[in-house]
Amino acid sequence: MPVQIKLNDVQKQAVETVDKPVLIFAGAGTGKTRVLTAKIAHLIKNEKYSPESILAATFTNKAAGEMKSRVKKIVGPRASKVNIGTFHSICARILRYEIDELGFNPNFAIYDAADQLSLIKSIINSNKIPVDGMTPNAIRGRISLAKNSMAESKLDNKSPSPVDRAAALVYPIYTKALKENNALDFDDLLLFPLKVFKKNPAILKKYQEQFKYVLVDEYQDTNHAQFLLVKLLAEKHNKITVVGDDDQSIYGWRGADISNILDFEKAFPGCKTFRLEQNYRSTQTILSAASTMVRNNEHRAEKELWTEGIAGASIGLMETFDELEEAEGILELLEREIVNKKRTFNEFVILYRTNAQSRALEDALRRRGITYKIVGGVRFYERKEVKDLLAYLRLIVNTVDTVSLKRVVNFPPRGVGVKTVEKCEKYSRKKGISLLASTADPDAFDLKGKPAEGLKDFNSLIAKYAELLPKLSAAELSGAVVDELGLVSFYKEQATTEATEQLANVQELLNSIDDFCKENPKTGLREFLEEVSLLTDLDNWNQDSNAITLMTTHAAKGLEFPVVFIAGMDEGLFPLARYMDCTEELEEERRLFYVALTRAQDRVFLHYATNRRRFNGIYGMGYASKFIHEIPEENLERITFRSSVTRKLVRGKAGKYKLKQVRTVTNFDDLERGDKVEHKVFGKGMVLSVNGSGENQKISVIFRGDIRKKLIAKYANLKRL
DNA sequence: AAGGTAGCGGTTTTT
DNA sequence: CCGCTACCTT
C-alpha cells in the first residue's frame, strides 16, 4: 500500500519543480530527507523516470539507507533500482568498471588513514626524506587536504610552511606507490572518476545518459571534486536538486567548500531556490537559542526558522569542578528525566567535541550499570585484530598490496622480521617482481633457516587462496584462512582478557562476512572489502536499541533525540583553542554548536568543567565557552551540581597542580545479601551478593524483570526498602 | 635477527 | 592514557 507523504506548501513546490535546477535551503529539522524522498517518489510515479535513471548522493551510508527504505515504502520494490549511495560508494562502483582507463586493476584496494600512514612512513624511511620535524600523520593530513580541495599544485617544496615542504617531497612518491600497490585512498575515490571522464569523454557521456536526474543531500559539505562530479554528471540534462544548510557546514577542515551552496545559482543558471523554514523538530526555546547564537556568524545566508510547537523548557546549564563531576552531573539529570518524564534510554544522546572526552562518561555509565553505545572512536574495522585478518583477505584479492603484506607477513609470528622483509624488498626491486613473488623463493637471495621457511609458508598460503578465490564464497574462504592460520588457538593460548576480546572480534568479522554473503549472494570478497572500507561506526548504530548514545557532534549530524546533553562546553575545548582567533574557523565551530543544539526535540543540557584533565595534568582554570554567552539569558537555566565528593587543587612539586579528594559527604550503611533496595532507574530489586565495604563496596542486584546489574554502592544511590 | 619492555611524545572533527 | 621507538635480551 503506497504511503502518501504529507508536505507543506514550500516542500510541495520544491518536490514538483522538475523542469529546472533546484536549490533547497533546508534548515535543521525542516524535513529535508522527507522532501528528497518525496521527490524521488514523485519522479518515478508522476514524471515517469525509471528508477535506475535517478542518482542520489549522500555523505553517510546511514542517510543513504534511510532514504532507500523510505522510497521503498512509497514506490515499492522498484525503489531498490534507484542509485542511492554515498559519494564514495558511487565513485567506487563507477571505478570498478572504468579504472583500467587509468592503468589500475579493478581489484584495487581502498586504503584508510592507517594504511596511508604506514605507506607514508615507509616512504619517508626508505627515501630518507628530510621531514623537518613534521610527523608522518601531519604529512598525511596535508596531502589529503590538498587532494580534497584539488590543490595538489599548492604543495611546494620551497613553501615557507614546513608541512607543505615535507608533503611536497612525499606526495609524488606516495602517488607512485599507490599505483604500484594497485590501491586508492579515500580522496582518490572522488578524484579518479574525474580523471576518467576527462581522459575519455565517451565514458562521461555514458553516465550522463544513464543518470537523467541527480539529487544531492548535505550539499553544503561537498568539496571541489564532488562539485565537479555533480556538475559533470548533471550538465547534460540540467535536472538536478540539491539540499543543504549553510549553517550546518562543518567539514571545511576536510576540504568542504561552503561557496558550492552559496554560489549554486552561478553554477546552475536559471535555478529555482526554495527555503524550508518551518521546523518540525525542536521547541521554540531551543530553536530561538540556536538561531540567535548562529546569527553571530557573518558568512551565512539569512533565514528564519519558526515552529508551531510549544515553548518548551529552558536550556539547562551546569558547571562542575571537573570532567568526573561533569559525568556524574549528566547522569543525575538523566536519571531525573527517566524518573519524572518516564523516558527510555534511547531518548538520550551525549555529544562532545572530541572522542577522548568519552572516557569519563563511559566510566560513570559503567559504574551505574547503564547500557550505552559509543559511536566513533576506534571503529570496529580499525581494530588491530580485525585489520590483521582483513589484510590477509585484501592481499589475496590484490596480491600487489604491499601495505597489507607487510602488516601480516609476520602475523601470527613466523620468524620474519624487519631485516628479512628488507631483503625481500631489495630482491623484488632488483628482479622487478612483486614483493609477494619474492617471498616464494628466499633461497634465491641466500636466506636460510626460520625466516626462509616462514616466507615460504606465507607465500604458499596466499598463493593457495588467491587461486581458490573464484571457487569459494567469501565466507568459506575467510573461514578457511582463519583455520589455516590457527588464529583461534593463537588468541586462546594467550589467555588474557584482551586476547579473548580480540578473538571475539575476529569471530564477529567472520559473522559479518557470512551475513554479507547471504544478503549479496552474487558477490564476492572484493565487494565485501569495498563495503567495509566505506563503512562507518554510525552505520551499525540504531536508535531503537535501548541504550544511551555517546558520539561527537560531527557524527550526530542528521540525527535527532528528545534529550541532548552537550559535554565539554569549556572555552578552549568547544570552540577548540586552535580555532579561536581565525574568524572563518571560529564560525565553523559555531555552526558545529548549532548542529549540536538543533539535534534536540525537547531538552538540552549544557555542561562545562572548570578543571578539565587533558593528557595527564590539569588543564588550567577553565570557564564557560563563549558560545554559552551567545545564548539569550532568558533561554538558560542554571542547575547546581550537588557533589557527593569534594575535590580541590593542591600545589604539588614543580608548581604543578594536583587534584586531591578532600572529603566524602555521603555516608552509607553497607548493604547485605538479601536486602531489598530501590534504584531510581531500575526500580525495586534484591541484593544478590556483596563485595567489600564502605567506599568500595560492590554489589550485584537483581531487579524486576530479571535485570541483573553489578553496581558500586557509592554511586548507585540505592534506597533501602 | 626476533621478540620483549621501558621511556617518550602527541592528540579534532571523518568519508 | 595509549601507541610507538629505542634499546636490551634470547
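The chains referred to below are lettered A, B, ... by the order of the sequence lines, with proteins before strands, and numbering in each begins at 1.
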**Q** Decide, applying a 5.5 Å centre-distance limit and a 30° plane-angle limit (both strict), whether A:Y251 stacks on B:dT13.
**A** no
**Q** Can you list the residues that meet the side chain to side chain contact (heavy atoms under 4.5 Å, CB included) rule with A:N148, with sequence neighbours excluded?
**A** A:S144, A:D187, A:N223
**Q** Sequence neighbours left out, what passes side-chain hydrogen bond (donor to acceptor under 3.5 Å, both in side chains) with A:D457? Give chain and number order.
**A** none
**Q** Identify, with sequence neighbours excluded, every residue that meets side chain to side chain contact (heavy atoms under 4.5 Å, CB included) alongside A:D388.
**A** A:K384, A:R407, A:V408, A:F411
**Q** What residues form a side-chain hydrogen bond (donor to acceptor under 3.5 Å, both in side chains) with A:R353, not counting sequence neighbours?
**A** A:E589
**Q** Can you tell me if A:N61 touches the phosphate of B:dT15, counting only side-chain N or O atoms and a distance under 4.0 Å to OP1 or OP2?
**A** no
**Q** Between A:E588 and A:R591, is there a side-chain N and carboxylate O pair less than 4.0 Å apart?
**A** yes
**Q** With sequence neighbours left out, write down each residue that passes side chain to side chain contact (heavy atoms under 4.5 Å, CB included) with A:E323, or none if nothing qualifies.
**A** A:A360, A:R612, A:R613
**Q** Considering residues at least two apart in sequence or located in another chain, which fulfil the side chain to side chain contact (heavy atoms under 4.5 Å, CB included) criterion with A:R300?
**A** A:D246, A:D247, A:V294, A:R295, A:N297, A:E302, A:K303
**Q** Report yes if at least one side-chain N or O of A:T135 is closer than 4.0 Å to OP1 or OP2 of B:dG10; otherwise report no.
**A** no
**Q** Between the protein and nucleotides 2-7 of chain C, which nitrogen or oxygen pairs come in under 3.5 angstrom?
**A**
unit_1: C:dC2; atom_1: OP1; unit_2: A:R359; atom_2: NH2; d: 3.1

**Q** Does a side-chain N or O of A:N355 approach OP1 or OP2 of B:dT14 to a distance below 4.0 Å, or not?
**A** yes
**Q** Just jot down the salt bridge (Lys or Arg N to Asp or Glu O under 4.0 Å) partners of A:E328, sequence neighbours excluded, or say none.
**A** A:R367, A:R368
**Q** Return the polar atom pairs (N/O with N/O) between nucleotides 3-5 of chain B and the protein under 3.5 Å, or none.
**A**
unit_1: B:dG3; atom_1: OP2; unit_2: A:N410; atom_2: ND2; d: 2.9

**Q** A:D443: what forms a salt bridge (Lys or Arg N to Asp or Glu O under 4.0 Å) with it, not counting sequence neighbours?
**A** A:K456
**Q** Could you please name the option among B:dT15, B:dT13, B:dT12 that lies closest to any side-chain atom of A:T60?
**A** B:dT15
**Q** Just to be sure I understand: a Watson-Crick pair is purine N1 to pyrimidine N3 plus N6-O4 or O6-N4, both under 3.5 Å. Using that and G-U wobbles, which stems of three or more pairs involve DNA chain C?
**A** B:1-9 with C:2-10
**Q** Of the options B:dT13, B:dT15, B:dA1, whose atoms approach the side-chain atoms of A:T552 most closely?
**A** B:dT13
**Q** Which residues pass the side-chain hydrogen bond (donor to acceptor under 3.5 Å, both in side chains) test with A:D188, not counting sequence neighbours?
**A** A:K147
**Q** Would you indicate which nucleotide in B:dT13, B:dA1, B:dT14 comes nearest to any side-chain atom of A:R254?
**A** B:dT14
**Q** Select base, sugar-phosphate, or nothing to describe what A:K557 touches, counting heavy atoms under 4.0 Å on all strands.
**A** nothing
**Q** Could you please spell out the steps behind the ring pair (Phe, Tyr, Trp, His ring centres under 6.0 Å) verdict for A:F104 and A:F192?
**A** CA-CA 11 Å; A:F104 279 73; A:F192 280 25; 5.4 Å; yes
